[in-house]
Amino acid sequence: MVNKDDFIYPQGRYYGQVKPENLVFNSNLQEFANKVSYVCSLETGGKIPPEDAYEQIKALWKQLKQSKKQLRIGENLFRDEGGEAEE
């Protein structure tokens, strides 16, 4: 039996480098994509005006950006697994 939350909020499998911060960010990114899809559908269906859709997506983007910053995704790009700088 399928859980209704799994249907409404689907999560794709993660194939990237397995680190806690990457897994959390991936989850946040998928949630962002789902919510943007809902907002787009509401705007396309005439349920909300384009300006509201834009503002909602802008707020969601700011949340995702803050999540990336807090998780320090993309920092120390030139460090290997042992913390040594690559040449």
Side-chain angles (χ1 to χ4, degrees):
M1 175 159 245
V2 177
N3 183 347
K4 97 176 156 167
D5 286 338
D6 292 339
F7 180 75
I8 295 174
Y9 307 108
Q11 288 279 315
R13 182 175 221 162
Y14 180 69
Y15 292 99
Q17 186 179 20
V18 179
K19 295 185 344 188
E21 60 271 18
N22 290 352
L23 295 173
V24 171
F25 183 72
N26 180 264
S27 179
N28 292 345
L29 183 60
Q30 290 189 42
E31 182 180 350
F32 168 79
N34 285 332
K35 288 182 178 180
V36 167
S37 177
Y38 292 145
V39 171
C40 290
S41 294
L42 289 169
E43 193 278 330
T44 300
K47 301 296 182 184
I48 61 174
E51 298 81 16
D52 288 352
Y54 173 82
E55 291 302 323
Q56 288 180 30
I57 292 172
K58 185 176 174 182
L60 290 169
W61 176 253
K62 285 182 180 181
Q63 290 174 1
L64 183 66
K65 198 170 173 182
Q66 183 64 29
S67 165
K68 179 185 176 282
K69 186 176 180 179
Q70 288 174 341
L71 293 167
R72 303 180 79 177
I73 301 295
E75 293 182 13
N76 299 324
L77 295 176
F78 299 106
R79 301 258 181 220
D80 63 11
E81 289 293 320
E84 298 294 321
E86 294 179 5
E87 296 181 30

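Since we're looking at a predicted model, the values are computed, not measured. Heavy atoms only: backbone and side chains are in, while hydrogens, waters and symmetry mates are out.
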Hey, is OH on Tyr14 packed in by over 12 heavy atoms from elsewhere, all under 6.0 Å?
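Yes, enclosed.
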
I'd like to know if the side chain of Ser41 reaches the main chain of Ser37, judged simply by a donor and an acceptor atom lying under 3.5 Å from each other, with no hydrogens or angles considered.
yes

Side-chain donor/acceptor of Gln30 to backbone N/O of Gly12, under 3.5 Å
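Yes, because the side chain of Gln30 sits within donor-acceptor range (under 3.5 Å) of the backbone of Gly12.
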
In this structure, would Val24 and Trp61 fall into the same cluster of hydrophobic residues linked by side-chain contacts under 4.5 Å?
yes

Measure the [atom1]-[atom2] distance between [X] and [Y] for me, rounded to the nearest 0.5 Å.
X: Phe32; Y: Ile57; atom1: CZ; atom2: CD1; value: 7.0 Å
X: Gln63; Y: Asn28; atom1: CD; atom2: CG; value: 9.5 Å
X: Glu21; Y: Asn26; atom1: CD; atom2: CG; value: 12.5 Å
X: Gln66; Y: Lys62; atom1: CD; atom2: NZ; value: 11.0 Å
X: Asn34; Y: Leu60; atom1: CG; atom2: CG; value: 11.0 Å

I'd like to check Leu42 versus Gln56 (side-chain heavy atoms, cut-off strictly below 4.5 Å). Are they in contact?
no

